[in-house]
Amino acid sequence: MTFHIIEGGVTAAKGFQASGIHCGIRKNRSKADLALIYSDVPCAAAAVYTQNLVKGAPIAVTKRNIADGMARAVICNSGNANTCNADGEEKAQKMCDLIAAELHIDASDVIVASTGVIGQGLPIEPIANSVKTLAEALSAVGSNDAAKAIMTTDTVEKEYALEVELDGKTVTIGGITKGSGMIHPNMATMLGFLSTDASITPELLNEALHTAIEDTFNMVSVDGDTSTNDMVSVMASGLAENQTITEKNHDYELFTQALTEVCAVLSRKIAKDGEGATRLLECAVTGAKTKEDARTVAKSVICSNLLKCAIFGADANWGRVLCAIGYSGANININGVDVAFESKQGRIEVCKNGAGLPFDEDIAKKILLEDDIIVAVTLHEGSECATAYGCDLTYDYVKINGDYRS
(Lines give C-alpha, C1' and ligand atoms only; values in the text may rest on other atoms or scores of the structure.)
Protein backbone atom coordinates (compact mmCIF):
# COMPACT_ATOMS: atom_id res chain seq x y z
CA MET A 1 0.00 0.00 0.00
CA THR A 2 1.04 3.62 -0.50
CA PHE A 3 1.75 5.94 2.43
CA HIS A 4 2.28 9.67 2.13
CA ILE A 5 5.07 10.81 4.46
CA ILE A 6 4.37 14.18 6.09
CA GLU A 7 5.92 16.51 8.64
CA GLY A 8 4.56 17.03 12.12
CA GLY A 9 5.38 13.94 14.18
CA VAL A 10 3.02 13.42 17.08
CA THR A 11 1.06 16.60 16.31
CA ALA A 12 0.48 15.81 12.62
CA ALA A 13 -2.89 14.17 13.29
CA LYS A 14 -5.96 16.38 13.77
CA GLY A 15 -6.63 17.53 17.29
CA PHE A 16 -3.18 17.13 18.81
CA GLN A 17 -0.80 19.66 20.35
CA ALA A 18 2.50 19.19 22.15
CA SER A 19 5.14 21.07 24.09
CA GLY A 20 8.51 20.54 25.74
CA ILE A 21 10.30 22.69 28.29
CA HIS A 22 13.12 22.65 30.85
CA CYS A 23 11.62 22.43 34.33
CA GLY A 24 14.72 21.69 36.40
CA ILE A 25 14.88 17.93 36.83
CA ARG A 26 18.01 17.91 34.71
CA LYS A 27 20.89 20.13 35.83
CA ASN A 28 21.70 21.27 32.29
CA ARG A 29 19.30 24.15 31.62
CA SER A 30 19.88 23.85 27.90
CA LYS A 31 18.15 20.43 27.87
CA ALA A 32 14.38 20.19 28.00
CA ASP A 33 13.12 17.64 30.52
CA LEU A 34 9.31 17.83 30.56
CA ALA A 35 6.99 17.02 27.65
CA LEU A 36 3.25 17.22 27.10
CA ILE A 37 0.98 15.84 24.38
CA TYR A 38 -2.67 16.91 24.47
CA SER A 39 -5.78 16.13 22.46
CA ASP A 40 -8.61 18.61 21.95
CA VAL A 41 -11.08 15.75 22.36
CA PRO A 42 -11.25 12.49 24.37
CA CYS A 43 -9.32 9.70 22.62
CA ALA A 44 -9.39 5.93 22.38
CA ALA A 45 -6.11 4.83 23.96
CA ALA A 46 -3.87 1.78 24.28
CA ALA A 47 -0.35 1.01 25.44
CA VAL A 48 2.25 -1.75 25.66
CA TYR A 49 4.80 -1.99 28.44
CA THR A 50 8.18 -3.44 29.41
CA GLN A 51 8.31 -7.11 30.31
CA ASN A 52 11.01 -6.46 32.91
CA LEU A 53 9.73 -7.53 36.35
CA VAL A 54 11.15 -4.27 37.69
CA LYS A 55 8.81 -1.61 36.32
CA GLY A 56 8.83 2.15 36.60
CA ALA A 57 6.08 3.60 38.80
CA PRO A 58 4.49 5.52 35.90
CA ILE A 59 3.60 2.23 34.22
CA ALA A 60 1.33 1.17 37.09
CA VAL A 61 -0.43 4.53 37.05
CA THR A 62 -0.83 4.57 33.27
CA LYS A 63 -2.26 1.04 33.30
CA ARG A 64 -4.93 2.14 35.78
CA ASN A 65 -5.70 5.33 33.91
CA ILE A 66 -6.26 3.76 30.49
CA ALA A 67 -8.00 0.63 31.75
CA ASP A 68 -11.20 2.14 30.32
CA GLY A 69 -9.53 2.56 26.90
CA MET A 70 -9.61 6.35 27.02
CA ALA A 71 -7.05 9.15 27.46
CA ARG A 72 -6.53 12.76 26.54
CA ALA A 73 -2.97 13.71 27.48
CA VAL A 74 0.55 12.40 27.97
CA ILE A 75 3.05 13.92 30.41
CA CYS A 76 6.62 12.68 30.48
CA ASN A 77 9.78 13.78 32.23
CA SER A 78 13.37 12.90 31.40
CA GLY A 79 16.37 12.84 33.71
CA ASN A 80 14.76 10.58 36.32
CA ALA A 81 13.07 7.21 35.73
CA ASN A 82 10.95 7.29 38.91
CA THR A 83 11.72 3.59 39.37
CA CYS A 84 12.49 1.62 42.55
CA ASN A 85 11.25 4.49 44.72
CA ALA A 86 8.92 3.94 47.69
CA ASP A 87 6.90 7.02 46.74
CA GLY A 88 7.10 6.39 42.99
CA GLU A 89 3.42 5.81 42.28
CA GLU A 90 2.46 8.74 44.46
CA LYS A 91 4.75 11.00 42.43
CA ALA A 92 3.51 9.60 39.10
CA GLN A 93 -0.11 10.16 40.17
CA LYS A 94 0.79 13.68 41.28
CA MET A 95 2.13 14.41 37.80
CA CYS A 96 -1.25 13.36 36.39
CA ASP A 97 -3.13 15.47 38.95
CA LEU A 98 -1.04 18.56 38.28
CA ILE A 99 -1.38 18.57 34.51
CA ALA A 100 -5.04 17.53 34.63
CA ALA A 101 -5.87 20.53 36.81
CA GLU A 102 -4.03 22.82 34.42
CA LEU A 103 -5.79 21.38 31.35
CA HIS A 104 -9.18 21.05 33.08
CA ILE A 105 -9.45 17.34 32.36
CA ASP A 106 -9.79 14.25 34.53
CA ALA A 107 -6.51 12.95 35.98
CA SER A 108 -7.56 9.44 34.98
CA ASP A 109 -7.30 10.55 31.33
CA VAL A 110 -3.54 11.17 31.59
CA ILE A 111 -0.79 8.83 30.43
CA VAL A 112 2.35 9.38 32.50
CA ALA A 113 5.92 8.32 31.77
CA SER A 114 9.44 8.94 33.07
CA THR A 115 12.91 8.15 31.78
CA GLY A 116 16.40 8.59 33.15
CA VAL A 117 18.38 7.40 36.17
CA ILE A 118 16.87 4.49 38.15
CA GLY A 119 16.63 4.48 41.95
CA GLN A 120 16.72 8.21 42.61
CA GLY A 121 13.71 10.00 44.06
CA LEU A 122 11.78 12.10 41.56
CA PRO A 123 11.59 15.74 42.68
CA ILE A 124 7.99 16.80 42.11
CA GLU A 125 8.52 20.51 42.83
CA PRO A 126 10.10 21.37 39.47
CA ILE A 127 7.16 19.74 37.71
CA ALA A 128 4.58 21.43 39.93
CA ASN A 129 6.21 24.80 39.29
CA SER A 130 6.25 24.27 35.52
CA VAL A 131 2.93 22.67 34.48
CA LYS A 132 1.37 26.07 33.76
CA THR A 133 4.26 27.01 31.45
CA LEU A 134 4.13 23.54 29.89
CA ALA A 135 0.41 23.86 29.12
CA GLU A 136 0.76 27.41 27.82
CA ALA A 137 3.49 26.22 25.44
CA LEU A 138 1.19 23.68 23.72
CA SER A 139 1.31 24.05 19.97
CA ALA A 140 0.04 22.24 16.89
CA VAL A 141 3.67 22.30 15.70
CA GLY A 142 5.14 21.32 19.06
CA SER A 143 6.11 17.74 18.23
CA ASN A 144 9.81 18.49 17.97
CA ASP A 145 9.84 20.28 21.33
CA ALA A 146 8.23 17.26 22.97
CA ALA A 147 10.63 14.89 21.19
CA LYS A 148 13.61 16.81 22.57
CA ALA A 149 12.18 16.86 26.10
CA ILE A 150 11.99 13.06 26.38
CA MET A 151 15.61 12.48 25.28
CA THR A 152 18.28 11.16 27.65
CA THR A 153 21.47 9.93 25.93
CA ASP A 154 19.83 10.27 22.52
CA THR A 155 21.81 12.42 20.12
CA VAL A 156 18.86 13.31 17.87
CA GLU A 157 15.13 13.71 18.34
CA LYS A 158 13.00 11.00 16.71
CA GLU A 159 9.65 11.75 15.07
CA TYR A 160 7.69 10.57 12.04
CA ALA A 161 4.23 10.85 10.48
CA LEU A 162 2.32 9.59 7.47
CA GLU A 163 -1.09 9.69 5.85
CA VAL A 164 -3.22 6.80 4.60
CA GLU A 165 -6.68 6.77 3.03
CA LEU A 166 -9.40 4.94 4.95
CA ASP A 167 -13.05 4.94 3.97
CA GLY A 168 -12.36 7.80 1.54
CA LYS A 169 -10.91 9.93 4.35
CA THR A 170 -7.30 10.95 4.92
CA VAL A 171 -6.11 9.46 8.20
CA THR A 172 -2.87 10.61 9.82
CA ILE A 173 -0.64 8.62 12.15
CA GLY A 174 2.43 10.11 13.78
CA GLY A 175 4.67 9.78 16.77
CA ILE A 176 7.80 10.55 18.70
CA THR A 177 10.13 8.17 20.47
CA LYS A 178 13.29 8.13 22.52
CA GLY A 179 15.83 5.43 23.08
CA SER A 180 19.56 5.07 22.76
CA GLY A 181 20.65 2.60 25.41
CA MET A 182 19.15 -0.01 27.76
CA ILE A 183 17.21 -1.38 24.81
CA HIS A 184 16.49 -5.03 24.15
CA PRO A 185 13.47 -6.95 22.76
CA ASN A 186 10.28 -7.55 24.74
CA MET A 187 9.36 -4.54 25.14
CA ALA A 188 12.38 -2.68 23.93
CA THR A 189 11.15 0.72 23.01
CA MET A 190 12.26 2.96 25.80
CA LEU A 191 9.40 5.43 25.20
CA GLY A 192 7.13 5.96 22.22
CA PHE A 193 4.09 8.17 21.97
CA LEU A 194 1.83 7.76 18.94
CA SER A 195 -1.22 9.69 17.83
CA THR A 196 -3.81 9.32 15.08
CA ASP A 197 -7.01 11.01 14.02
CA ALA A 198 -8.51 7.67 12.94
CA SER A 199 -11.83 6.66 14.44
CA ILE A 200 -11.37 3.21 15.94
CA THR A 201 -12.60 1.39 19.03
CA PRO A 202 -10.20 1.12 22.00
CA GLU A 203 -10.27 -2.66 21.72
CA LEU A 204 -9.16 -2.72 18.08
CA LEU A 205 -6.68 0.11 18.67
CA ASN A 206 -5.09 -2.06 21.35
CA GLU A 207 -4.93 -5.07 18.99
CA ALA A 208 -3.47 -2.96 16.18
CA LEU A 209 -0.78 -1.57 18.49
CA HIS A 210 0.22 -5.02 19.76
CA THR A 211 0.42 -6.28 16.18
CA ALA A 212 2.51 -3.30 15.12
CA ILE A 213 5.08 -3.55 17.90
CA GLU A 214 5.76 -7.27 17.42
CA ASP A 215 7.70 -6.69 14.20
CA THR A 216 9.03 -3.23 15.06
CA PHE A 217 9.80 -2.04 18.61
CA ASN A 218 10.07 -5.61 19.88
CA MET A 219 12.71 -6.30 17.23
CA VAL A 220 15.11 -3.58 18.43
CA SER A 221 18.21 -4.24 20.50
CA VAL A 222 21.05 -1.86 21.26
CA ASP A 223 22.78 -3.47 24.23
CA GLY A 224 20.83 -6.44 25.58
CA ASP A 225 19.35 -4.59 28.57
CA THR A 226 15.54 -4.51 28.75
CA SER A 227 14.57 -1.23 30.38
CA THR A 228 12.29 -0.84 33.39
CA ASN A 229 10.29 2.02 31.91
CA ASP A 230 9.61 0.95 28.32
CA MET A 231 6.23 2.02 27.05
CA VAL A 232 4.53 2.75 23.74
CA SER A 233 1.15 4.45 23.89
CA VAL A 234 -1.27 5.54 21.20
CA MET A 235 -4.22 7.93 21.27
CA ALA A 236 -6.88 8.12 18.52
CA SER A 237 -8.94 11.31 18.33
CA GLY A 238 -11.40 10.18 15.62
CA LEU A 239 -11.29 13.62 14.00
CA ALA A 240 -10.50 12.21 10.54
CA GLU A 241 -14.20 11.25 10.53
CA ASN A 242 -13.69 7.91 8.82
CA GLN A 243 -16.32 5.31 9.55
CA THR A 244 -15.41 4.00 12.99
CA ILE A 245 -13.37 0.80 12.75
CA THR A 246 -15.36 -1.67 14.86
CA GLU A 247 -14.28 -4.96 13.28
CA LYS A 248 -11.24 -6.50 11.63
CA ASN A 249 -12.16 -5.46 8.12
CA HIS A 250 -10.16 -3.98 5.23
CA ASP A 251 -9.88 -0.59 6.93
CA TYR A 252 -8.54 -2.23 10.09
CA GLU A 253 -5.87 -4.02 8.05
CA LEU A 254 -4.86 -0.79 6.29
CA PHE A 255 -4.73 1.08 9.58
CA THR A 256 -2.61 -1.63 11.20
CA GLN A 257 -0.20 -1.65 8.26
CA ALA A 258 0.16 2.14 8.47
CA LEU A 259 0.66 2.03 12.23
CA THR A 260 3.28 -0.69 11.76
CA GLU A 261 5.09 1.47 9.22
CA VAL A 262 5.28 4.38 11.67
CA CYS A 263 6.58 2.05 14.39
CA ALA A 264 9.13 0.51 12.00
CA VAL A 265 10.59 3.88 11.03
CA LEU A 266 10.79 5.00 14.66
CA SER A 267 12.41 1.67 15.58
CA ARG A 268 15.13 2.16 12.97
CA LYS A 269 15.74 5.64 14.36
CA ILE A 270 16.25 4.18 17.85
CA ALA A 271 18.65 1.52 16.62
CA LYS A 272 20.64 3.96 14.52
CA ASP A 273 21.03 6.28 17.51
CA GLY A 274 22.26 3.52 19.83
CA GLU A 275 24.70 4.80 22.43
CA GLY A 276 28.05 5.36 20.75
CA ALA A 277 26.80 3.78 17.52
CA THR A 278 28.28 4.62 14.13
CA ARG A 279 26.17 2.20 12.04
CA LEU A 280 22.63 0.91 11.88
CA LEU A 281 22.67 -2.89 11.76
CA GLU A 282 19.65 -4.75 10.37
CA CYS A 283 19.21 -8.50 10.05
CA ALA A 284 16.64 -9.41 7.39
CA VAL A 285 15.64 -13.06 7.60
CA THR A 286 13.68 -14.72 4.79
CA GLY A 287 12.65 -18.29 4.03
CA ALA A 288 11.84 -19.27 7.61
CA LYS A 289 9.48 -22.12 8.46
CA THR A 290 7.66 -20.04 11.11
CA LYS A 291 7.39 -16.38 12.00
CA GLU A 292 8.86 -17.16 15.42
CA ASP A 293 11.92 -18.79 13.85
CA ALA A 294 12.46 -15.75 11.65
CA ARG A 295 12.19 -13.36 14.60
CA THR A 296 14.42 -15.51 16.80
CA VAL A 297 17.20 -15.71 14.22
CA ALA A 298 17.04 -12.01 13.35
CA LYS A 299 17.19 -10.92 16.99
CA SER A 300 20.02 -13.31 17.81
CA VAL A 301 22.16 -11.93 14.99
CA ILE A 302 21.75 -8.26 15.85
CA CYS A 303 22.32 -9.02 19.55
CA SER A 304 25.71 -10.68 18.96
CA ASN A 305 28.34 -8.49 20.58
CA LEU A 306 31.04 -10.12 18.44
CA LEU A 307 29.16 -9.30 15.25
CA LYS A 308 28.42 -5.77 16.48
CA CYS A 309 32.16 -5.28 17.03
CA ALA A 310 32.91 -6.67 13.56
CA ILE A 311 30.44 -4.21 12.02
CA PHE A 312 32.16 -1.37 13.90
CA GLY A 313 35.43 -2.46 12.35
CA ALA A 314 33.83 -3.02 8.90
CA ASP A 315 35.09 -6.60 9.09
CA ALA A 316 33.11 -9.15 7.04
CA ASN A 317 33.47 -11.81 9.73
CA TRP A 318 30.39 -13.76 8.62
CA GLY A 319 31.23 -16.71 10.89
CA ARG A 320 29.88 -14.61 13.76
CA VAL A 321 26.52 -14.48 11.95
CA LEU A 322 26.42 -18.29 11.69
CA CYS A 323 27.45 -18.57 15.32
CA ALA A 324 24.60 -16.33 16.46
CA ILE A 325 22.11 -18.26 14.34
CA GLY A 326 23.38 -21.51 15.81
CA TYR A 327 22.75 -20.54 19.43
CA SER A 328 19.53 -18.65 18.73
CA GLY A 329 17.32 -21.58 19.68
CA ALA A 330 15.44 -21.48 16.38
CA ASN A 331 14.56 -24.84 14.86
CA ILE A 332 16.42 -24.59 11.56
CA ASN A 333 18.82 -26.54 9.35
CA ILE A 334 22.12 -24.67 9.72
CA ASN A 335 23.45 -26.44 6.61
CA GLY A 336 20.86 -24.64 4.50
CA VAL A 337 21.67 -21.07 5.56
CA ASP A 338 22.83 -18.36 3.14
CA VAL A 339 24.33 -15.06 4.33
CA ALA A 340 25.07 -11.80 2.51
CA PHE A 341 26.09 -8.29 3.55
CA GLU A 342 24.32 -5.32 1.93
CA SER A 343 24.49 -1.53 1.93
CA LYS A 344 24.00 1.21 -0.63
CA GLN A 345 27.44 0.20 -1.96
CA GLY A 346 26.03 -3.15 -3.05
CA ARG A 347 25.64 -6.75 -1.90
CA ILE A 348 28.20 -9.49 -1.35
CA GLU A 349 27.43 -13.17 -0.78
CA VAL A 350 29.65 -14.66 1.93
CA CYS A 351 27.99 -17.97 2.86
CA LYS A 352 25.98 -20.59 0.95
CA ASN A 353 24.36 -23.66 2.55
CA GLY A 354 26.20 -23.04 5.80
CA ALA A 355 29.65 -22.90 4.16
CA GLY A 356 31.86 -19.98 3.24
CA LEU A 357 32.13 -18.54 -0.26
CA PRO A 358 35.22 -16.87 -1.71
CA PHE A 359 34.70 -13.10 -1.77
CA ASP A 360 36.69 -9.91 -2.28
CA GLU A 361 37.59 -8.49 1.14
CA ASP A 362 38.08 -4.99 -0.29
CA ILE A 363 34.58 -4.95 -1.78
CA ALA A 364 33.16 -6.28 1.50
CA LYS A 365 34.98 -3.55 3.42
CA LYS A 366 33.54 -0.89 1.13
CA ILE A 367 30.03 -2.25 1.71
CA LEU A 368 30.46 -2.39 5.49
CA LEU A 369 31.85 1.14 5.79
CA GLU A 370 28.39 2.59 5.03
CA ASP A 371 26.10 3.93 7.77
CA ASP A 372 23.31 1.39 7.19
CA ILE A 373 24.24 -2.30 7.01
CA ILE A 374 21.92 -5.22 6.28
CA VAL A 375 22.81 -8.81 7.14
CA ALA A 376 20.63 -10.84 4.77
CA VAL A 377 19.93 -14.37 6.03
CA THR A 378 18.07 -16.89 3.87
CA LEU A 379 16.90 -20.12 5.51
CA HIS A 380 15.23 -21.91 2.54
CA GLU A 381 12.69 -23.59 4.81
CA GLY A 382 9.46 -21.66 4.25
CA SER A 383 7.94 -18.28 3.44
CA GLU A 384 8.09 -16.40 6.74
CA CYS A 385 10.33 -13.38 7.26
CA ALA A 386 11.35 -10.87 9.93
CA THR A 387 13.74 -7.97 10.39
CA ALA A 388 15.54 -6.95 13.59
CA TYR A 389 17.21 -3.60 14.22
CA GLY A 390 20.46 -2.96 16.08
CA CYS A 391 23.75 -1.10 15.86
CA ASP A 392 27.47 -1.60 16.10
CA LEU A 393 29.31 -1.74 19.43
CA THR A 394 31.91 0.97 19.85
CA TYR A 395 34.38 2.34 22.37
CA ASP A 396 31.99 5.21 23.06
CA TYR A 397 29.26 2.87 24.39
CA VAL A 398 31.47 2.03 27.38
CA LYS A 399 32.45 5.68 27.85
CA ILE A 400 28.83 6.84 27.86
CA ASN A 401 27.67 4.21 30.34
CA GLY A 402 30.78 4.43 32.50
CA ASP A 403 29.75 7.89 33.71
CA TYR A 404 26.00 7.92 32.96
CA ARG A 405 24.94 9.29 36.36
CA SER A 406 27.34 12.20 36.12
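Side chains are part of it too, since the values below use all heavy atoms of this structure and drop only hydrogens, waters and symmetry mates. Values in this document were obtained by computation on a predicted structure and should not be read as measured data.
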Identify whether the distance between the nearest side-chain nitrogen and carboxylate oxygen of K289 and D293 falls below 4.0 Å. no

May I ask you to decide if I59's main-chain N or O and T62's side chain share a donor-acceptor pair within less than 3.5 Å? no

I332 vs E381, test: side chain to side chain contact (heavy atoms under 4.5 Å, CB included). Steps then yes/no. CA-CA 8 Å; I332 62 169; E381 294 190 352; 4.0 Å; yes

Using side-chain heavy atoms (C-beta onward) and a distance below 4.5 Å, is E349 in contact with F359? no

Walk me through whether R295 and E384 qualify under side chain to side chain contact (heavy atoms under 4.5 Å, CB included). CA-CA 9 Å; R295 288 173 177 155; E384 294 293 341; over 6 Å; no

Working for side chain to side chain donor-acceptor pair (under 3.5 Å), residues E253 and N249: CA-CA 6 Å; E253 295 300 328; N249 54 19; over 6 Å; no

Electrostatic pair K352:D338 at N-O distance under 4.0 angstrom: yes

Between K248 and E207 (salt bridge meaning N to carboxylate O under 4.0 Å), is one present in this structure? yes

Heavy atoms from other residues, nucleotides or ligands near NZ of K94 exceed 12 (cutoff 6.0 Å): no

Checking S267 side chain against V220 main chain: does a donor-acceptor pair fall under 3.5 Å? no

Main-chain N/O of F312 paired with R279 side-chain donor or acceptor, under 3.5 Å: yes

Kindly determine whether K269 and T177 satisfy side chain to side chain donor-acceptor pair (under 3.5 Å), including the steps that lead there. CA-CA 9 Å; K269 289 177 182 286; T177 190; over 6 Å; no

Side-chain (N65) to main-chain (V110) donor-acceptor, under 3.5 angstrom: yes

So, D251 side chain and L254 main chain: donor-acceptor pair closer than 3.5 Å or not? no

Is any NZ, NE, NH1 or NH2 atom of the basic residue among K291 and D215 found under 4.0 Å from an Asp or Glu carboxylate oxygen of the other? yes

Under 3.5 Å donor-acceptor, S199 side chain and Q243 backbone: no

Could you check L194 against L266 for side chain to side chain contact (heavy atoms under 4.5 Å, CB included), going step by step and ending with a plain yes or no? CA-CA 10 Å; L194 308 170; L266 292 174; 3.8 Å; yes

Is there a donor-acceptor pair closer than 3.5 Å between any side-chain N or O of S130 and the backbone N or O of T133? no

Can you check whether A81's main-chain N or O pairs, donor with acceptor, with T83's side chain at less than 3.5 Å? yes

Any salt bridge between E89 and K91, counting N to O under 4.0 Å? no

Under the criterion side chain to side chain donor-acceptor pair (under 3.5 Å), I'd like the reasoning laid out for N144 against E159: C-alpha separation, chi angles, the key distance, then a yes or no. CA-CA 7 Å; N144 191 256; E159 53 185 338; 2.8 Å; yes

Between V339 and V375, is there a side-chain heavy-atom distance shorter than 4.5 Å? yes

Does any N or O in the side chain of D392 come within less than 3.5 Å of the main-chain N or O of T278, such that one atom is a donor and the other an acceptor? yes

Side chains of Y38 and V74: closer than 4.5 Å at any heavy-atom pair? no

May I ask you to say whether K366 pairs ionically with D362, meaning some side-chain N is under 4.0 Å from a carboxylate O? no

Between K272 and D372, does any NZ, NE, NH1 or NH2 come within less than 4.0 Å of an OD or OE carboxylate oxygen? yes

Would R268 and E282 count as a salt bridge (Lys or Arg N to Asp or Glu O under 4.0 Å) here? Give the steps. CA-CA 9 Å; R268 292 181 82 254; E282 295 185 35; 2.7 Å; yes

Closest non-hydrogen atom pair, W318 against A355: CH2-C, 4.1 Å

Output yes when a side-chain donor or acceptor of T152 lies under 3.5 Å from a complementary backbone atom of G116, and no otherwise. no

Beyond-backbone contact of I37 with I176, side-chain heavy atoms, under 4.5 angstrom: yes

Side chains of L205 and F255: does their closest heavy-atom pair fall under 4.5 Å? yes

Go through the steps for T260 and T216 under the test side chain to side chain contact (heavy atoms under 4.5 Å, CB included), then give the verdict. CA-CA 7 Å; T260 301; T216 57; 3.9 Å; yes

